[in-house]
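The basis for the numbers below is simple: all heavy atoms, side chains too, and nothing from hydrogens, waters or symmetry mates.
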Amino acid sequence: MSIRAPVISTINEQGRDEMGANDLIVKYHSVDVRTRSRLIVYSNQKAVVRVQGQITGVFDAGAHDLQTPANPVSQFFSRLQYSGNLPWEIEVLFVSTARHEARSEGVSQTKELVAMRYQVAYFFTVSDPAKLVNSVQFGELKYTVDALAAFLSPIVDQSVSQVLNLVSLREVYANLHKITDAVAASLRSAMEEIGINLIACRIVRLEPEDDTMRRIVQYLALGVDTLQAVRARLAEVMASKSDPAATNMMLGVPYYPVNLIVGGSLPGLEQLIPRREEKKEQ
C-alpha cells in the first residue's frame with residue numbers, strides 16, 4: 001500500500017477528464033481514499049463526500065484535504081480484514097454544475113384519438129448536489145443526462161397528455177402554449193425535489209405520427225382547404241408510384257388515357273358507349 005495520499009479528481013491516470021458533457025455525476029473510480037487525501041474540484045463541478053453512506057460535506061471548486069473518521073482502532077482491524085483498504089468507506093462523487101439540455105419524447109392523442117408524436121427540450125443546472133446524490137440511483141460510475149431524461153419522461157408524458165387529450169387536431173397548435181406551460185410546471189416541481197433548477201422548457205416537435213395526417217396538416221397550414229389538402233396528399237402518394245393520374249388527382253379533374261383523347265379506342269370501350277337505336281322505316 002502506498003504511503004503517499006492520492007490526489008482525487010475527475011482526471012484519470014491517462015490525463016483524460018472523466019466528466020463528459022453528458023455526465024451529471026461521476027463517482028471517483030478508486031477505493032483508495034485515505035486521511036489527508038488531496039481533493040481537486042474543477043470549475044463547473046462540486047464534490048460530494050459520503051462516509052459510510054452518509055453525506056459529510058459538499059466542496060466547491062478548488063483544492064481540499066479530506067479527513068477519514070477518527071477511530072484508529074476500528075480502522076486498524078478493518079484494514080487487516082480488507083488488505084489495507086477500507087472499500088467505499090469514503091465515496092467522492094463529482095457533480096456537474098454546468099448548464100445541460102435533456103430531451104424527452106413520446107406519443108399522445110388528441111380528442112379525436114389522432115396519435116401525435118412530441119419532443120420536449122428542457123435546460124437545467126444542478127442547484128443542490130447533495131439532494132441530487134441522495135435522490136437518484138445508478139449502478140455504475142456515472143449518472144448521465146440521458147438517465148435523468150428517462151426518469152422524467154413519465155412526468156413529461158402526463159403533462160402533455162392532460163392538455164392534448166382535450167383538444168381537437170385543428171386546435172392543437174393554437175393551444176401549444178398551454179402544453180408548454182403544463183410541462184414546465186410539472187418539470188419544475190419534479191426537478192426541485194431532486195435538487196435541479198429548471199431554466200427553460202419548450203416543445204420542439206409536435207406532429208401527427210401518421211405520415212398522411214402529418215402532410216395534410218402541413219398543407220392546411222399553408223391555407224389549403226381540407227378537400228384540396230387530401231387530394232394533394234393522394235397525388236403525392238400516386239406520384240411516388242409513377243401513377244400518370246397523379247396530376248389529375250391534384251387538379252381534381254377526371255383522368256382519360258392518351259389513346260382515348262386522340263381518338264383511339266380501348267378494349268371493351270364499345271360496350272360502355274350507348275348506341276342509338278335506328279328508327280324502323282315505316
Grouping I, L, V, M, F, W and Y whenever their side-chain heavy atoms are under 4.5 Å apart, do [X] and [Y] come out in a common cluster?
X: L176; Y: V167; value: yes
X: M191; Y: F123; value: no
X: V114; Y: L166; value: no
X: L24; Y: V136; value: yes
X: V7; Y: Y42; value: yes

Under 3.5 Å, is there a donor-acceptor pair between the side chain of [X] and the main chain of [Y]?
X: S96; Y: Q45; result: no
X: Y118; Y: S161; result: no
X: S240; Y: V237; result: yes
X: D157; Y: S153; result: no
X: S186; Y: A182; result: yes
X: D210; Y: M213; result: yes
X: T97; Y: N44; result: yes

[atom1] of [X] to [atom2] of [Y]: how many Å apart, nearest 0.5 Å?
X: I25; Y: T144; atom1: CD1; atom2: OG1; value: 10.0 Å
X: I8; Y: D65; atom1: CD1; atom2: CG; value: 10.5 Å
X: D17; Y: M19; atom1: CG; atom2: CE; value: 7.5 Å
X: I179; Y: Y173; atom1: CD1; atom2: OH; value: 9.5 Å
X: Q228; Y: M250; atom1: CD; atom2: CE; value: 5.5 Å
X: D211; Y: E236; atom1: CG; atom2: CD; value: 9.5 Å

Minimum-distance pair of heavy atoms, taken over all atoms of [X] and [Y]:
X: S108; Y: V160; answer: CB-CG1, 4.4 Å
X: K46; Y: P129; answer: CD-CG, 3.7 Å
X: M116; Y: L164; answer: CB-CD2, 3.8 Å
X: I155; Y: A190; answer: CD1-CB, 3.4 Å
X: A102; Y: F124; answer: CB-CE2, 3.8 Å
X: V107; Y: A115; answer: CG1-CB, 4.1 Å

Flag if over 12 foreign heavy atoms under 6.0 Å of [atom1], [X]:
X: Q158; atom1: CD; value: no
X: F151; atom1: CZ; value: no
X: E140; atom1: CD; value: no

Quick one: are [X] and [Y] in side-chain contact, heavy atoms under 4.5 Å?
X: R170; Y: T226; result: yes
X: F138; Y: L93; result: yes
X: D23; Y: E18; result: no
X: D128; Y: E192; result: no
X: L148; Y: I194; result: yes
X: L39; Y: F94; result: yes
X: D243; Y: M249; result: no
X: V120; Y: C201; result: yes

**Prompt:** Do NZ/NE/NH1/NH2 and the carboxylate oxygens of R103 and E105 come within less than 4.0 Å?
**Reply:** no
